[in-house]
Amino acid sequence: MTGRTIVITSGKGGVGKTTATANIGTGLAMRGHRVVVVDTDIGLRNLDVIMGLENRIVYDLVNVIEGTCKLSQAMIGDKHDYELYLIPAAQTRDKNSITPEQLREMCAELEKEFDYVLIDCPAGIEQGFKNATAAAQEAIIVTTPEVSAIRDADRIIGLLESSGLHRPKLIINRIDPEMVRRGDMMDQKDVESLLAIEVIGLVPADEQTIVAANRGIPVVHNTKSPAGGAFLRIASRVDGEDIPLMDLEPKNGLFSRFKGMVGMNGRAYSHA
C-alpha cells in the first residue's frame with residue numbers, strides 16, 4: 001500500500017482549517033478508507049478537541065519523532081466504527097522540536113499502512129508550515145470569502161508551488177448565500193478569479209459546525225447539516241469521485257421554490 005499524504009493549510013488562522021481536516025478525514029473513513037490525521041500545530045493543538053479525543057492522549061507527535069514511543073502508540077482510534085486515527089500535537093513543546101525531514105520520514109511510514117494521511121498544518125508560514133508541507137504530495141487550501149483570508153491564501157499558493165506542491169486545491173468555507181446575493185460577500189467566481197486554482201469544495205456557514213466542534217463530533221455525522229453534507233462531498237471529490245459542488249444559491253426566490261416543488265433539485269443534493 002502506498003497512501004496519499006495531503007496537507008491542509010490556510011495561511012490565515014481561524015478560517016476552519018482544523019475543522020476541515022477532521023471532517024474530510026472522517027468523510028474518507030466513512031467511505032471505507034484507512035485514514036490517519038496528524039496535528040502538526042505544536043503548542044496549540046485543537047484537532048483532538050474537534051474529534052472528541054482529548055481525554056485519550058498519552059503520547060504525541062514529538063514523542064514519536066524523539067523515539068519516546070512507537071508510532072502505533074501515539075495513534076488514537078476514532079470513537080466511531082471507522083478506520084480513523086489521530087496523532088496529536090504536543091502542547092508543551094515548540095515547532096522547532098521537529099524537522100521537515102523527520103515528519104517526511106514518519107509520513108512515509110504511515111503511507112505503508114493508510115490510504116490517506118492528512119496533515120493539519122499550523123497557520124502562518126514559519127517552521128510549522130515548512131514541516132507540514134515537506135511531508136505532503138498534495139495540498140488543500142482553506143479560505144473564507146474575505147479579502148484578508150484570500151490575500152493570505154494567494155501567498156500560500158506561491159509558497160506551495162515554490163516548494164514543489166503544484167496545483168493545490170481550494171475549499172471556500174463559511175459562505176453565506178444571502179450575503180452573496182446582496183453583494184456583501186464574494187461568491188465562488190470572485191474567489192476563483194483572484195486565486196486561479198481549482199475549487200474542490202464549497203461549505204456554507206452553518207451553526208451546526210460550531211455545535212459539532214463543541215461536542216467533539218465532526219459535523220459530517222450530522223445528516224441534516226448543510227456543512228456536513230458539503231464536507232462529505234469534498235471527501236468524495238478528494239477520493240476521485242466526480243460529483244458537483246454543493247449548490248449554495250439562495251433558496252428563497254420564487255423560481256427556486258418552483259424548482260423544489262417539481263423536484264428539480266434532487267440530483268444536486270444526491271450526495272449531500
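The structure presented is a predicted model; accordingly, all values stated were derived computationally and were not measured. Values below: every heavy atom of this structure, side chains too, minus hydrogens, waters and symmetry copies.
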Undergrad: Give a yes-or-no answer on whether the side chains of T144 and N173 include a donor-acceptor pair shorter than 3.5 Å.
TA: no
Undergrad: Salt bridge or not between E54 and R45? Use side-chain N to carboxylate O under 4.0 Å.
TA: no
Undergrad: Give a yes or no on whether a salt bridge exists between D184 and R182, defined as a side-chain N under 4.0 angstrom from a carboxylate O.
TA: yes
Undergrad: What residues form a side chain to side chain contact (heavy atoms under 4.5 Å, CB included) with Q188, not counting sequence neighbours?
TA: I172, E192, V199, L202, L245
Undergrad: Which residue in the set I57, V58, V37, L61 passes side-chain contact (heavy atoms from CB on, under 4.5 Å) when paired with P88?
TA: I57
Undergrad: According to a hydrophobic-cluster definition based on side-chain heavy atoms being under 4.5 Å apart (Ile, Leu, Val, Met, Phe, Trp, Tyr only), do L195 and I141 belong together?
TA: yes
Undergrad: Does H80 form a side-chain contact (heavy atoms from CB on, under 4.5 Å) with M51? I'd like the steps, not just the answer.
TA: CA-CA 10 Å; H80 301 83; M51 297 178 71; over 6 Å; no
Undergrad: With the threshold set at 4.0 Å, does a side-chain nitrogen-carboxylate oxygen contact exist between R93 and E66?
TA: yes
Undergrad: Ignoring hydrogens and angles, state whether a donor on the side chain of T5 or E138 is under 3.5 Å from an acceptor on the partner side chain.
TA: no
Undergrad: Any salt bridge linking D115 with R4? Criterion: basic side-chain nitrogen under 4.0 Å from a carboxylate oxygen.
TA: no
Undergrad: Answer yes when E113 and R34 have at least one side-chain N-carboxylate O distance shorter than 4.0 Å, and no when they do not.
TA: yes
Undergrad: Is it true that the side chains of D120 and T18 contain a donor and an acceptor less than 3.5 Å apart?
TA: yes
Undergrad: If the test is side-chain contact (heavy atoms from CB on, under 4.5 Å), which one of T143, D154, I150 qualifies with L194?
TA: I150
Undergrad: With the side chain counted from C-beta on, respond yes when L71 and L110 share a heavy-atom pair under 4.5 Å apart, and no when they do not.
TA: yes
